[in-house]
Amino acid sequence: MAVLGARFFVGSALFLGRQTQRKAPTHVFMFTRCFAAAAGEDPIIPLERIRNIGISAHIDSGKTTLTERILFFTGKIKEMHEVKGKDEVGATMDSMELEREKGITIQSAATYTSWKDHNVNIIDTPGHVDFTIEVERALRVLDGAVLVLCSVGGVQSQTLTVNRQMRRYNVPCIAFINKLDRPGANPMRVVDQLNQKLRHNAATLHLPIGVESNLKGVVEILTNKAIYFEGENGTVMREEAPPESMKAAIEEARSKLFEALANVDDEFAHHYLEGELTNDIINAAIRRNTLKRTFTPVMMGSALKNTGVQLLLDGVCSYLPSPKEVPYEAIDATNPEERVPLVADHTDTRPFVGLAFKLERGQFGQLTYIRTYQGVLRRGDFIYNQRDGKKIKIPRVVRMHADQMVDVKEVRAGEICAMFGVDCNSGDTFTDGKAKLLMESMYVPEPVLSVAMKPKLSKDQEAFAKAIARFQKQDPTFRVHTDEESKETIVSGMGELHLEIYQEIMLREYNCPTVSGKPKVAYRETLSNKAEFDYIHKKQSGGSGQYGRVIGYLQPHEGIACSFTDVTVGQNIPKNFIPSIEKGFLEACSRGPLTGHPMQGVEFVLQDGATHVVDSNDLSFRLAAIGAVRQAVLKGGPVVLEPIMLVEVSVPDEYQGGLVGVINKRKGSVTGSDSKDGYSTLQAQVPLNDMFGFSAELRSTTQGKGEFTMEYLEHRPVLPATQLEMVKAHEKTLASK
């Protein structure tokens with residue numbers, strides 16, 4: 001992609017980086033603003049100076065405020081605005097009206113900017129667990145990330161989720177401890193939590209000069225310089241020797257940094273033991289081990305108070321990878337077992353490969369966000385969707401700045417852009433037709449909550465259908481099906497807020513008010529023991545009949561999917577009938593025997609069987625597999641599973657006892673607690689079905705002073721008494737038909 005040219009001006013002088021003014025013994029660094037060259041005219045920046053990063057964290061850690069400061073200090077925006085739109089404007093990256101009203105990020109937003117000759121593509125992601133798919137798909141296509149942590153809250157529930165997502169896609173990260181100005185700030189405690197709770201090998205590169213209302217700046221421990229952020233909006237950086245009172249803390253922080261690096265890097269350890277350390281050697285070791293995810297550099301500041309943001313940008317450019325340094329592979333579509341390395345360079349001789357990772361409804365139709373991994377994509381090119389083989393002409397290519405667009409002529413490997421006029425699904429791979437390659441798609445978590453939903457007015461049925469179709473296409477965690485018994489439309493998502501937001505969008509964008517029923521929990525069924533089967537399906541009705549025999553066993557297995565294994569030997573069951581047996585097994589798993597909920601974690605092992613020369617066919621073996629599952633599953637100790645949520649609640653100390661009682665009443669178990677500065681934080685595991693109404697009860701119990709977050713943890717067996725009640729209710733429902 002043509003990239004922003006970075007032009008820095010002080011008076012009429014052209015310069016890059018910091019300008020130094022002597023004020024013995026102080027240095028003042030003035031950061032100025034960079035301005036975009038006209039679209040299509042920017043010079044091509046080398047891949048080594050491109051960074052694709054995500055800003056990720058727990059809700060209310062300051063991600064969007066941090067991104068706003070980054071855009072301001074790099075000159076992308078002229079004024080800073082606050083989250084929640086207190087000035088009736090709102091943060092740049094919260095472009096949705098709903099985001100500004102609620103003060104939360106609902107959808108990830110992309111932008112691009114420049115810093116010290118580097119092009120930085122940024123995706124600001126939501127922190128709420130209900131919108132975790134936005135984080136998932138962003139991290140799938142990014143090369144690095146900034147993990148933002150609150151200096152008061154530290155590592156919280158969604159921090160754990162984001163950390164798992166980074167680990168899943170092997171994304172290197174820098175940790176930024178934000179909100180040093182808040183009462184109760186304790187950044188060193190957060191560093192310890194990074195090491196203990198997240199299992200990082202982390203060490204800080206900064207120390208704060210004061211905390212809470214006394215925050216004045218930060219000390220860079222490598223250069224042993226104190227940096228103060230002064231002037232309007234913190235644009236003037238004054239540098240001087242650190243306070244005498246901090247010398248011992250600085251030496252201790254340096255020792256911990258060197259030990260953390262020496263533990264994972266033999267080359268650095270050699271220099272360390274020989275006393276040959278220089279800043280170049282230290283920085284090279286930090287970068288080398290950050291890229292390998294064996295070390296996490298920690299930086300500090302306060303985005304709201306404009307402290308430490310410029311240093312974080314320096315860290316992004318110094319320590320996070322360029323697209324050239326991340327090894328990406330594609331799947332050979334003609335041989336799925338084969339992996340093909342992708343080469344990111346700026347030549348146009350290699351086949352184009354890109355991944356569509358996000359869809360949006362734009363002013364001019366569907367807007368498709370795409371990450372280019374290899375080759376060049378030009379406006380007017382023809383590309384091929386590897387999922388369905390369709391040939392598509394690209395009418396328009398744009399770079400995104402929140403909800404604003406800049407047209408470009410082409411994008412090259414390593415860039416993120418968006419296309420108009422492309423009908424596709426999230427996760428589709430595009431090539432120029434020269435190679436049949438597929439990119440691995442993202443992990444999509446299963447929905448945990450379902451409700452019956454319909455338009456309030458029958459005349460809005462068409463608008464309701466259009467909205468539902470759009471949401472399904474854009475959001476893989478939003479599922480819709482029609483209940484066979486009630487004929488109601490059932491929508492499923494990641495939580496109450498997730499579904500409420502879509503109802504709001506239908507009302508505002510489609511003028512379609514909706515009504516919804518009581519939330520339904522996504523129960524599942526599984527087996528607890530191995531169970532054998534020998535089932536014969538036989539039907540005679542004159543002429544050719546139906547015959548199929550299957551022998552084998554069902555057993556529980558790891559994971560949530562149901563799997564089929566064929567271990568037959570010989571031709572007792574011809575191989576052309578095996579797919580029908582698998583189809584019958586999966587069909588039987590769609591409705592469990594106890595409560596009618598889908599089954600998960602069950603393996604069907606086919607060992608033998610028999611056929612009839614005339615009566616055996618695909619239908620016979622599909623029905624035989626269904627019968628075999630029904631025969632075996634009741635012998636295998638079937639159990640009902642319910643979603644368990646990881647709940648984190650923060651309340652004043654005086655309400656802790658009452659809170660424990662509330663959690664116990666909801667069949668939850670407290671797994672950990674922490675108390676600091678008059679506030680207690682409890683971690684608990686609670687069944688989702690018992691979390692409805694928790695918010696209102698928490699407000700009542702704590703007089704509005706408590707807050708909580710929750711995220712999906714896993715499915716576990718329900719209590720025996722609960723299972724018995726559910727089975728009886730299901731039997732009653734069946735009997736009433």
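Computed from a predicted model, the values in this text were never measured in an experiment.
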For [Y], is the NZ or CZ atom of [X] found under 6.0 angstrom from the centre of its six-membered ring and inside 45 degrees of the ring axis?
X	Y	value
R371	Y373	yes
R168	Y443	yes
R399	Y112	yes
R287	Y319	no

Subject >> Stepwise side chain to side chain donor-acceptor pair (under 3.5 Å) test for T681 and D674 >> reply: CA-CA 5 Å; T681 301; D674 188 20; 5.8 Å; no
Subject >> Flag if over 12 foreign heavy atoms under 6.0 Å of CD, E274 >> reply: yes
Subject >> Salt-bridge present (R51, D143; N to O < 4.0 Å) >> reply: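 Looking at R51 and D143, the cut-off is not met.
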**OP:** Output yes when K225 and E240 qualify as a salt bridge under the 4.0 Å nitrogen-oxygen rule, no when they do not.
**Re:**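 Salt bridge flag = no for E240 with K225.
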For a quick check under 3.5 Å, do [X] and [Y] share a side-chain donor-acceptor pair by atom type?
X	Y	answer
T125	S56	yes
T113	T74	yes
T477	D475	yes

Original post:
Partners of K247 by side-chain hydrogen bond (donor to acceptor under 3.5 Å, both in side chains), sequence neighbours excluded?
Top reply: E244
Subject >> Pairs flagged by ring-ring contact (aromatic ring centres under 6.0 Å, His included) wherever residues 269-317 is involved - sequence neighbours left out >> reply: F258-Y272
